Trainee: 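Take this structure first; my questions come after.
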Amino acid sequence: MKARITLHRDFSIGETDKRLYGSFIEHLGRAVYTGIYEAGHPQADSAGFRDDVAQLIKELDVTVVRYPGGNFVSGYNWEDGVGPLQNRPQRLNLSWNAKESNHFGTNEFAAWTKKINAEMMMAVNLGTRGAEAAGNLVEYCNFKSGSFYSDLRRSHGAEEPHGIKLWCLGNEMDGPWQICSRTAYEYGRVAAEAAKIMKWTDPSIELVACGSSFAGMPTFGDWEITVLDHVYDHVDYISLHTYFANRENDIPNFLGRSLEMDKFIKTVAGICDLVKLKKKSKKTINLSFDEWNVWYHSNEADKKIEKWQEAPPLLEDIYTMADALAAGCMLITLLKNADRVKIACLAQLVNVIAPIMTEENGRAWRQTIFYPFKQASVYGRGTVLCCPVTTNTYDSKEFSGIPYLEAVAVHNYMKNEIVIFAVSRNLNEAINLEADIAGFNVTEIIEHSVLCNKDLNASNSSLEEKVQPAVQQGGKLEKNTLIASIPPASWNMIRLKSAA
Ligand code: AHR
């Protein structure tokens, strides 16, 4: 099978926002406790943050971390998580039927994000709470001093403000599973009022309004129109969430799901522009894809977990090679929409549907999905090039016209590199890729890295990495064409050097 793409500097989609490579830590399962934070672990620092985990997160070059939820935030009193540890209340985490010690809270999160060199993306509770508590939290975090909440922060040992720029106005407020879910009208009203107070407290912040929990919600579309009607002038982004599942073990169909994600993005961008037109606004609302991943392996196990434990092992999906391909297709889809998607969070980061797993008092290790994210995050920064793929397509149970090759390229002009990311959905034969690179003065192939395993159910563990990238030889430059062989069912990164 053959595939052809053309890369030219005159045909670009847009610049990557560095926050495209974000992730997410929720008070859920073992994400915080025994994940990023485990006082007494041999590799914990003096604050209890695990160095081994921080090292792996730095390897991923995660730029922004959303916190503290997710569903958890809709029942969270942020005041429970600040101040002396002995005064922090043990609460019920009603979203996840667990106990919450509150030993990790806002100031610990701020200190931890410094350690991993990431920005914070803070969510406020618009479920059980509202505009006032949200405004107080902005004052606590961002106001310098001389007000009740800023001085409270200082009295808790955080002299300098945390300067959190990015804030989420609640989480999945359309979902019946959400603590105090709301109608679009109710949410739009409270979000607009919270946004006003938050921005009056710190005008430099950016706000994300909740879009639909996923494209299959019965209110999808109407929700966005109504919410944006209320919040348009006050917010900067609207959120999108998507999790893929492969319950029927139908890999061709599973790998086609990224087409659905692309449609979701384009539809929400269209709705934002429709409301813009309706309001005769000059402002464009961009997209925050602040939860995306594969999630289904742990669903049955989670039903059997005893309630009201502290840090129960919830949502501990062990990812396969097939999942790495699906995650790769999702990353490529985000990049192909870089003109509108400015923020994206791989949900989540540690232990909970995560690229990094930990053992309590033991090792930390990389899941299969770690590698596509790492390569895109480290090398996929710059100008995203428009590179339509000409190749064969197939139909699956739910989708038609799925290209066998999914691909995108990024021109990193700082490093003089053009980086192609590609997933082969052809499970049986290699694809001969020809990339027309006449638009660049390419001097060499720096590397062709491939992630594949004949067993699409292969996964990693703390003892063995069965799925990890390897160097693929044989690529060549012929006149103005790159020729490379893309193995069946593989994730690929091809880095080309170009003359300045
Ligand atoms: O990431 C797990 C959960 O998925 C989040 O808490 C919620 O926002 C979504 O439904």
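All figures in this text were calculated on a predicted structure; none of them were measured in a lab. Ligands are counted one by one from 1 in listed order, and the atoms in each one are counted from 1 as well.
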Trainee: Taking the six-membered ring for Trp and the full ring for Phe, Tyr or His, determine whether the centres of Y185 and H230 are under 6.0 Å apart.
Mentor: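 Yes, close enough.
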
Trainee: Quick one: which ligand 1 atoms are inside 4.0 Å of a heavy atom on E172?
Mentor: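 Per the distance check, 7 (C), 8 (O), 9 (C), 10 (O).
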
Trainee: Is there a polar contact, in the sense of an N or O pair closer than 3.5 Å, between H241 and ligand 1?
Mentor: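 Between H241 and ligand 1, no N or O pair is found under 3.5 Å apart.
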
Trainee: Starting from atom 7 (C) of ligand 1, locate the nearest protein heavy atom and write down its residue, its atom name and how far away it is, to 0.1 Å.
Mentor: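 Here the closest protein heavy atom is N71 OD1, 3.2 Å.
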
Trainee: Would you check if the distance from the ring center of F370 to the ring center of W365 is below 6.0 Å?
Mentor: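 No, the ring of F370 stays outside the 6.0 Å limit from the ring of W365, centre to centre.
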
Trainee: Which atoms of ligand 1 are found less than 4.0 Å from any heavy atom of W96?
Mentor: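 The atoms of ligand 1 under 4.0 Å from a heavy atom of W96 are 3 (C), 6 (O).
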
Trainee: For ligand 1, does F214 get within less than 4.0 Å through its side chain, its backbone, both, or neither, judged by non-hydrogen atoms?
Mentor: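 F214 to ligand 1: no contact under 4.0 Å from either part.
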
Trainee: Any atoms of ligand 1 less than 4.0 Å from a non-hydrogen atom of G70? List them with their elements.
Mentor: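 Listed by number with element, the hits are 5 (C), 6 (O), 8 (O).
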
Trainee: Please confirm whether F24 approaches ligand 1 to less than 4.0 Å, judged on its heavy atoms.
Mentor: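 Under 4.0 Å: yes for F24.
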
Trainee: Polar-atom distance check: N171 versus ligand 1, any N or O pair below 3.5 Å?
Mentor: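 N/O-N/O distance under 3.5 Å: yes.
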
Trainee: Give the intermediate values and the outcome of ring pair (Phe, Tyr, Trp, His ring centres under 6.0 Å) for residues W78 and Y149.
Mentor: CA-CA 12 Å; W78 66 265; Y149 286 106; 5.7 Å; yes

Trainee: For ligand 1, which atoms, with element, lie under 4.0 Å from some heavy atom of E26?
Mentor: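 Once the distances to E26 are compared, the set is 5 (C), 6 (O).
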
Trainee: Short N/O distance, under 3.5 Å, between Y243 and ligand 1?
Mentor: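 For ligand 1, there is an N or O atom that lies under 3.5 Å from one belonging to Y243.
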
Trainee: Centroid separation under 6.0 Å, is that true for the rings of H27 and F72?
Mentor: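 Close enough - the centres of the two rings lie under 6.0 Å apart.
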
Trainee: Evaluate the ring pair (Phe, Tyr, Trp, His ring centres under 6.0 Å) criterion for residues W223 and Y187: first the C-alpha distance (whole Å), next the side-chain angles of each, then the deciding distance (0.1 Å), finally the verdict.
Mentor: CA-CA 10 Å; W223 173 274; Y187 172 69; 5.6 Å; yes

